[in-house]
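The model shown is predicted, which means the values in this text are computed figures rather than measured ones.
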Amino acid sequence: IEEAHLPERVVAEAAPEPAPGGLLEERLASLERGTIEAALGECGGNQSAAARHLGITRRSLIYRMKKLGL
């Protein structure tokens with residue numbers, strides 16, 4: 001039996017739920033990436049200044065950049 005053989009109401013009820021945190025994690029990573037890129041742009045690429053602008057340490061900024069592939 002394939003999905004096409006089932007009534008629509010059964011297919012709708014059995015729709016898989018997204019993985020826990022999957023969509024949220026993607027959105028948060030995208031927001032974090034954009035925020036870091038904007039701070040770096042405003043600070044002319046100076047990591048120390050961007051970190052101060054973001055209220056984090058330079059080490060934390062570098063960690064987050066590596067995590068996000070920046």
Side-chain angles (χ1 to χ4, degrees):
I1 297 177
E2 294 181 5
E3 187 176 308
H5 298 110
L6 298 173
E8 285 184 37
R9 66 176 179 76
V10 173
V11 173
E13 290 175 12
E17 295 192 20
L23 182 58
L24 177 60
E25 292 299 321
E26 289 175 25
R27 288 183 178 179
L28 288 174
S30 177
L31 177 62
E32 187 174 23
R33 183 179 295 108
T35 303
I36 290 172
E37 288 174 343
L40 286 167
E42 290 174 19
C43 297
N46 184 307
Q47 294 177 350
S48 296
R52 279 192 301 274
H53 179 74
L54 294 168
I56 60 176
T57 65
R58 181 175 178 269
R59 184 176 183 150
S60 179
L61 175 64
I62 291 170
Y63 167 79
R64 291 167 188 258
M65 290 172 61
K66 285 182 182 178
K67 182 180 82 169
L68 297 167
L70 295 176

Legend entry - Criterion side-chain hydrogen bond (donor to acceptor under 3.5 Å, both in side chains) on Ser60 and Arg64, from CA distance to verdict: CA-CA 6 Å; Ser60 179; Arg64 291 167 188 258; 3.2 Å; yes
Inset, instruction - Can you see which heavy atom on Leu61 is nearest to which on Ala51, and at what distance? - result: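 Shortest heavy-atom contact: CD2-N, 3.9 Å.
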Give, for atom [atom1] of [X] and atom [atom2] of [Y], the distance between the pair rounded to the nearest 0.5 Å.
X	Y	atom1	atom2	answer
Asn46	Arg52	CG	CZ	6.5 Å
Ile62	Ile56	CD1	CD1	9.5 Å
Glu37	Glu32	CD	CD	11.0 Å
Leu54	Leu40	CG	CG	7.5 Å
Ser30	Leu68	OG	CG	9.5 Å
Gln47	Arg59	CD	CZ	13.5 Å

Legend entry - Any side-chain heavy-atom pair of Leu31 and Arg27 under 4.5 Å: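 Leu31 does not reach Arg27 side chain to side chain.
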